[in-house]
There are 2 protein chains.
Amino acid sequence: MNQRLSSLHKSHSRRPRLADHVYAKLKKMIFDFELIPGDHFSEADVVERFEASRTPVREALQRLQREGYVEVRFRSGWQVRPFDFEVFEQLYDVRMVLECSAIERLCAMKRQPTVIEELSEFWRIPVEKRSHDIRLSDDDQYFHTSLVAAAGNAEMASIHRDVSERIHIIRRLDFTQASRIEATFDEHAEIIHAIRKQHGEYAQQLMRTHIAASRDEVRKITLHMLHEARKRHEAHEDEELVKANNRGR
Amino acid sequence: MNQRLSSLHKSHSRRPRLADHVYAKLKKMIFDFELIPGDHFSEADVVERFEASRTPVREALQRLQREGYVEVRFRSGWQVRPFDFEVFEQLYDVRMVLECSAIERLCAMKRQPTVIEELSEFWRIPVEKRSHDIRLSDDDQYFHTSLVAAAGNAEMASIHRDVSERIHIIRRLDFTQASRIEATFDEHAEIIHAIRKQHGEYAQQLMRTHIAASRDEVRKITLHMLHEARKRHEAHEDEELVKANNRGR
DNA sequence: GCATTCCATCTGGTATACAAGAAGCTTGCA
DNA sequence: TGCAAGCTTCTTGTATACCAGATGGAATGC
C-alpha cells in the first residue's frame, strides 16, 4: 500500500528534465521553420524564450549541435546550421544503403515480422480513400523506419532513425504535391508486395528508385519553400517592429 | 603586423576547451580499461580526478552517454555501460553493410582515389617485415575508415567512423594473436587487390568474411580479457588499501 | 572625411551555489 | 537479535555568478 502510494507519488512528482523539454521544443522550432537555417541567436535568447536557466539550455543546444542542427562559434553565438544539399543527398544515400540491407534480410526470413503485413494494409488502399494530409509524411517516415527496425538490427535501426529524422525537415516538403503522394502510396505498396513475395533484388531496386525520386523532387522544391519561409519570417519581424513603435508613442 | 601578432597571440592563448579534454581522457580511460564496464562513479569523482568543475565534466559525460559509453541513473551516479555482445555484433553488421557499399562504389569508379594505392603499399608487405605491435589495431581501423571515406560520402564515413570507434575497444583485443595479425595483412592485401581490379562482388565477399572472422574471434577472447582487467583492477585497489592502512598507523 | 584605436557590451566557457530525490546508515523498538 | 523508521549523506538537476575573448561602435588622430 505504502509502495503503491509512493510509486504513484513518484510518477507524479518526477517531472521531465527541463533540458529534454528545451531540446524538443527547439527542434520543433527548427522543423517548423520558426528558426530558419542561418538564423543567429544566443543562449540568452533561448533562456528568455523558455524561462529556463542556461544549464539545461546549453545541454539541449549541445545535443542539437551533435546531431547537426545547430552550430556554435566561440563566444560569437549560435546559428541554425544552413541547409547543405550535398549533406542531404549523402543522407539519402545512407538511407538507400541501410534500407536495401534491411530488405535483403527481410526477404531472407522464413517468417517475416507481422509489421510487414500491417504496413501492407496501410499503404494498399484505393485511390479515393487516400489521405492527402501533410502528416502523411510522418506515416512515410514510419514506413521506412519500421522496415529497417523489422530487420532486427537495433543499432542499424537507431542510426537509420537519426538519418531519417535529419532528412525529415525537408522530406515533408515532398508531401505538398498530390502527384508525389499518389506515387508514394503506389510505390510503398509495390515494395511491400515484393518483400512479401521475397523478391529481394526487385524490392531493393524499387526502393532505390523510390528514394531517388524523393530525393530529386525534394531538391527541386526546397529552395522555393525556404524562400517563402524567409519572407514570412521577415514579414513577422516587421509586424513586431510596428507594434513596438506603436507602444513607444 | 598587428594582425599577425594578434593572430599569433590568439593561437597561443586559445586553450582547448576543458570539456573536450575531460571527454578525451575519460574515453581513453574506458578504452584502456582503467574504467571497466559496469564501474560506478559520480561526477564528483571525475571532478576530483581532472581538477575541473562539474560543468565541463557533465558536458563530457553527456557526450559519452550519447555515444553509448556511459549511462546516468537519476540521482544515483554514473556507470560505464556494461558490454553487450549483441550490440557489438550488430555494430559489426553495420560495418559490413557500410563497407560493402563503399567497395561497390569504389569499384565503379573509373579513377580510384590515390589512398587506395597507399593502402595497398602498406598492407602488401612480406611476412618477415610485418609489425606485430598492438598499435597495428589503429592501422587496421585506418584501413577500414579510409576505404569508406574514399567512397566519397562524408556522412556515411562519419557514421562508419563512430561505429568503428565503438567497436575498437574490443577490436584491439584481436591483435594480441599472431595468427590473426597475419590473417589481417593477407586479407587486407587481397581486398585492396580485388578493389583495384574492380572485382566488386568478390571484394565485398572478402570483406564480409574478413569482418565476420574478426567478429567471431573477438567474441572468444573478450570475456577472458575483461576478466583479466578486473583482476588487475582489484589488485590495484588492494594495493591502495594497504597504503592507506600504512598511512593510518 | 577617413581610418584606427580603444572601450563598453555581449558572448559562450567555467565555477559554484542551491534544490530535491535516492540510498544507506543509525538508532530506537519489539 | 531482527527490523523498520527516520535522518544524514550523497547524488544529479538546475540556477547563477564570474571570466575572458569577440564584437561593434564611438571617440580620436590624421
Between A/S214 and A/R171, does any side-chain donor sit less than 3.5 Å from a side-chain acceptor? yes

Please state how far atom CD in A/E48 lies from atom P in D/dA15, giving the value in whole angstrom units. 15 Å

Interatomic distance where NE2 belongs to B/H21 and C1' belongs to C/dA15 [whole Å]: 17 Å

What N/O pairs connect the protein and nucleotides 9-11 of chain C at under 3.5 Å? Give each pair on its own line.
residue	atom	partner	partner atom	Å
C/dT11	O3'	A/G77	N	3.4

Could you check how far CD of B/Q79 sits from P of D/dC10, rounded to whole Å? 21 Å

Find the bend of the helix from C/dG1-D/dC30 to C/dA30-D/dT1 as the angle between its two terminal axes (five pairs each), to the nearest 10°. 20°

May I ask you to check whether A/E71 and A/Q65 show a side-chain donor-acceptor distance below 3.5 Å? no

Cut-off 3.5 Å, side chains only: do B/Y23 and B/Q62 have a donor facing an acceptor? no

Indicate the atoms forming the closest heavy-atom contact of A/A150 with A/V115, along with that distance. CB-CG1, 3.7 Å

Testing D/dT12, D/dG21, C/dA15 for proximity to the side chain of A/F74, the answer is D/dG21

Over 60° means perpendicular and under 30° means parallel, so classify the ring planes of B/W78 and B/F41, tilted if in between. parallel

Taken to the nearest whole Å, CD/B/Q62 to P/D/dT12 is 12 Å

Nearest whole angstrom, please: distance from the C1' of D/dC19 to the CZ of B/R17. 15 Å

Determine the sole option in B/F50, B/Y69, B/F31 for which the side-chain contact (heavy atoms from CB on, under 4.5 Å) test with B/L26 is passed. B/F50

Checking B/D39 side chain against B/I36 main chain: does a donor-acceptor pair fall under 3.5 Å? yes

Measure the distance from NE2 on A/H40 to P on D/dA22 and round it to the nearest whole Å. 16 Å

Using only atom types and a distance under 3.5 Å, with no angle test, would you say the side chain of B/S158 pairs donor to acceptor with the backbone of B/M156? no

B/S146 vs B/L119, side-chain contact (heavy atoms from CB on, under 4.5 Å): CA-CA, chis, key distance, verdict: CA-CA 9 Å; B/S146 46; B/L119 291 175; 3.8 Å; yes

Distance check needed: D/dT12 P versus B/Q65 CD, whole Å only. 12 Å

Among C/dA15, D/dT12, C/dG13, which is the nearest nucleotide to the side chain of A/R58? C/dG13

Donor-acceptor pair, distance only, cut-off 3.5 Å: does the side chain of B/D32 make one with the backbone of B/E34? no

Could you tell me the separation between the CZ atom of B/R73 and the P atom of C/dA20, rounded to a whole number of Å? 23 Å

Return the residues of residues 50-57 of chain A meeting this criterion: a heavy atom under 4.0 Å from some atom of DNA chain D. Order them by number, or give none. A/A52, A/S53, A/R54, A/T55, A/P56

Between the side chains of B/H168 and B/Q141, does any donor sit under 3.5 Å from an acceptor? yes

